[in-house]
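Order of the sequence lines fixes the chain letters, A, B, ..., with proteins taken first and strands second; residue numbering starts at 1 for each chain. Side chains included, hydrogens not; waters and symmetry mates left out as well; all remaining heavy atoms used.
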2 protein chains.
Amino acid sequence: MSPRRRDSESAAAARAERRAELLGAAAKVFASRGYAATTVREVADAAGMLGGSLYYHFDSKESMVDEILSTFLTDMWAAYDRVLASDLSARETFQALVAESFRCIDRYREAVVIYQNESKLLGESPRFAYLAESQRRFREMWLSVLDRGVMDGVFRADLDTGLLYRFVRDTVWVAASWYRSDGRLPAGEIARQYVAMVLEGILKD
Amino acid sequence: MSPRRRDSESAAAARAERRAELLGAAAKVFASRGYAATTVREVADAAGMLGGSLYYHFDSKESMVDEILSTFLTDMWAAYDRVLASDLSARETFQALVAESFRCIDRYREAVVIYQNESKLLGESPRFAYLAESQRRFREMWLSVLDRGVMDGVFRADLDTGLLYRFVRDTVWVAASWYRSDGRLPAGEIARQYVAMVLEGILKD
DNA sequence: CATTGTTTCTAACAATCGTTTGGTAGAGTA
DNA sequence: TACTCTACCAAACGATTGTTAGAAACAATG
């Protein structure tokens, strides 16, 4: 590795780190105030700079939210795919997916909130077609796990599968809207109780 | 009742009906595109008129969403209060509240979606203080029902109450985001299956 | 110290926003 | 027919939006 190479590499690394910093600030504002309602001046303010200066780092406001969402989704699907590839039973897969989801919420809370609030709107644009595609895979994945569970006789068969899917999907992801990583309960414990609630219900015995 | 009186009354009624029509159109657009991202010209377009003409009927874009939300919330709480006043057991109260919630979703789908998506942002303004107040009452109501259920030994006691509350709240209300009144399952059947899932879990036996 | 490349600021731009104003078409009344 | 009131249109308002261009500040290099 030549010195020239190392310099240009560390420069690129510093640049990438700055981008990540700015995206972190942007994600916070987008998540708390909504993407459409957020101005680039507010994002810049949160990052300690002026509105126009953001355009040295990013092409547009749209490309910021694009990078925020695609980074999160790439990581999330990598985690899901690891679970799906490990040949677990339906019930174990279910639990592992929920646990992985909460780990995602823990790690990418802002991105998850943005994804939930804005994906329907953003998805209409061709640039964000991967959002709809992600939701399709999501549905496919959960339905497959749930169907397998019903087949194996581990999940009850008297409920509408589509309803079951929405129930699971929603109960897991809405947690992002109230979850705080510094809260009373750690992510793992929340996941455990969630799984218990969904699997066994809230009735006593 | 004098003729003059009747005329002014029917005029007022026609006026109110037109307002309701326009608010219906506005609610649809607000719900599907988001309040902040929606322009008054889009609302007017959906109502078959020009942007400025809306201001003959309403003070502002804000007052439209205000009327949409407050109408829905008033009706919802009237329904909840009827349930709470009828001296049911914890479990019966639980079921009745869920059923009533789904009836609200059925009747005020757009308003519910707007409430969920925008109440956090709108609530910061003094004008929409009633949104935060409604959420406070909501929390109080569900916690009281759940606590009573745990006391009576009908709900399990090994779960965090706050988590339980969020779980119930979220599972019920996110249904508004996908529910269609003309869908495969009627509102009552959805409510029934939801109650079964939450109470008994999704495991077989 | 001079020079270069990187990052931010200053200051504006065209477009679009919510909103206002003044006018007008049409129905109802005398 | 003349007048009035209701409901809308046409056209603009100032403010704010995302974005851009050129200059200034800064750090690093020679």
Side-chain angles (χ1 to χ4, degrees), chain A residues 2-26 29-30 33-68 114 118 121-122 125 127-128, chain B residues 2-26 29-30 33-68 114 118 121-122 125 127-128:
Chain A
S2 73
R4 181 181 302 271
R5 177 81 193 286
R6 225 197 38 219
D7 281 6
S8 78
E9 260 184 16
S10 71
R15 192 185 169 85
E17 198 177 336
R18 184 69 177 127
R19 277 176 76 90
E21 267 181 48
L22 298 176
L23 285 178
V29 190
F30 287 157
R33 306 208 35 88
Y35 171 70
T38 300
T39 73
V40 300
R41 287 166 178 85
E42 284 171 333
V43 172
D45 223 50
M49 60 201 298
L50 266 60
S53 305
L54 281 174
Y55 287 81
Y56 174 76
H57 300 274
F58 303 98
D59 288 346
S60 62
K61 178 187 174 187
E62 205 181 50
S63 78
M64 294 186 217
V65 76
D66 191 349
E67 198 163 330
I68 291 169
I114 297 170
E118 323 284 351
L121 227 72
L122 290 175
S125 151
R127 172 171 197 166
F128 294 93
Chain B
S2 71
R4 180 180 304 275
R5 178 79 193 286
R6 232 213 12 236
D7 282 4
S8 78
E9 260 184 15
S10 72
R15 191 184 170 86
E17 198 178 334
R18 184 69 177 130
R19 278 178 74 93
E21 267 181 46
L22 298 175
L23 285 178
V29 189
F30 287 158
R33 308 208 35 90
Y35 172 71
T38 299
T39 73
V40 301
R41 287 168 177 85
E42 285 172 332
V43 172
D45 222 49
M49 60 202 297
L50 285 152
S53 305
L54 282 173
Y55 288 81
Y56 173 75
H57 299 274
F58 304 98
D59 288 345
S60 63
K61 178 186 175 187
E62 206 181 50
S63 77
M64 295 186 217
V65 76
D66 191 349
E67 197 163 331
I68 290 169
I114 298 170
E118 322 286 351
L121 226 73
L122 289 174
S125 150
R127 172 171 196 167
F128 293 93

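- Atom CZ of B:Arg41 and atom P of D:dA11 are 14 Å apart (whole Å).
- For B:Ser53 and D:dA7, the shortest distance from a side-chain N or O to OP1 or OP2 is not below 4.0 Å.
- Looking only at side-chain heavy atoms (C-beta outward), B:Met64 and B:Tyr35 stay at 4.5 Å or farther from each other.
- Inter-residue side-chain proximity for B:Glu118 and B:Phe128 is flagged as unmet; no heavy-atom pair is nearer than 4.5 Å.
- Between A:Ser63 and A:Ser60 the shortest heavy-atom distance is OG-O, 2.9 Å.
- In this structure, the side chains of A:Arg18 and A:Arg15 stay at 4.5 Å or more apart for every pair of heavy atoms.
- Between C:dT8 and A:His57, a contact under 4.0 Å exists linking OP1 or OP2 to a side-chain N or O.
- To the nearest angstrom, C1' of C:dG5 lies 8 Å from OH of A:Tyr56.
- Proximity note for A:Tyr55 (side chain, C-beta onward) versus D:dC9, D:dT20, C:dC17: the nearest is D:dT20.
- Across the protein-nucleic acid pair, A:Leu54 atom CG and D:dG18 atom C1' stand 11 Å apart, rounded to whole Å.
- Regarding A:Met64, its CE atom lies at a distance of 8 Å from the P atom of D:dT19, rounded to whole Å.
- Across the protein-nucleic acid pair, A:Glu21 atom CD and C:dT7 atom C1' stand 13 Å apart, rounded to whole Å.
- B:Leu50 comes within 4.0 angstrom of the backbone, heavy atoms only, and of no base.
- With rounding to whole Å, A:Met49 atom CE is found 14 Å from D:dC26 atom C1'.
- Counting any heavy atom pair closer than 4.0 Å across all strands shown, B:Thr39 reaches sugar-phosphate atoms only and no base atom.
- Between B:Val43 and B:Lys61 there is no side-chain heavy-atom pair separated by less than 4.5 Å.
- In this structure, B:Tyr35 places its OH atom 14 Å from P of C:dC17, rounding to the nearest Å.
- Across all strands, A:Thr38 comes closer than 4.0 Å only to sugar-phosphate atoms, never to a base (heavy-atom distances).
- Rounded to whole angstrom, the span from the CZ atom of B:Arg15 across to the P atom of D:dA7 amounts to 6 Å.
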